[in-house]
Amino acid sequence: MRRNKTKGFNYYLAKEAIEQYRGKPRALRLKWLYMGNLLRKGYSKDVIKIQDKFREGK
């Protein structure tokens with residue numbers, strides 16, 4: 001992971017990892033996103049604020 005100078009962060013994946021992900025069915029990928037969203041809804045407001053600050057690079 002390499003820190004971006006403006007905000008947020010960058011990370012790199014090998015082309016093989018990206019191709020493996022692309023090989024997964026779209027329904028499964030959408031399910032993963034949905035499950036992650038459900039998990040986040042269970043977090044306290046404080047945890048969500050911390051996550052948002054991290055994503056913004058603050």
Side-chain angles (χ1 to χ4, degrees):
M1 185 166 34
R2 194 171 107 198
R3 191 123 173 99
N4 188 335
K5 292 179 183 178
T6 54
K7 64 180 183 177
F9 62 94
N10 292 329
Y11 61 96
Y12 302 90
L13 294 172
K15 286 185 179 185
E16 295 83 18
I18 294 170
E19 290 303 318
Q20 286 179 344
Y21 179 77
R22 286 182 178 164
K24 303 293 182 191
R26 287 184 181 154
L28 179 61
R29 294 184 295 183
L30 285 172
K31 185 176 181 180
W32 288 340
L33 290 173
Y34 177 72
M35 291 170 63
N37 190 24
L38 288 179
L39 181 64
R40 182 174 161 93
K41 285 184 179 183
Y43 291 166
S44 70
K45 290 182 180 185
D46 292 335
V47 171
I48 292 174
K49 284 180 186 177
I50 291 169
Q51 275 189 336
D52 290 341
K53 284 184 180 180
F54 179 73
R55 288 177 178 162
E56 294 169 6
K58 294 180 180 177

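All values reported here derive from a predicted model rather than from experimental measurement. Starting from 1, each residue takes its place in the sequence as its number.
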Note to self: With a 4.5 Å cut-off on side-chain heavy atoms, are Gln51 and Phe54 touching?
What the structure shows: no
Notebook entry, point to check: With the threshold set at 4.0 Å, does a side-chain nitrogen-carboxylate oxygen contact exist between Glu56 and Lys53?
Noted result: no
Per-pair distances, 0.1 Å, donor-acceptor, side chain in residues 27-38, under 3.5 Å, sequence neighbours excluded:
none

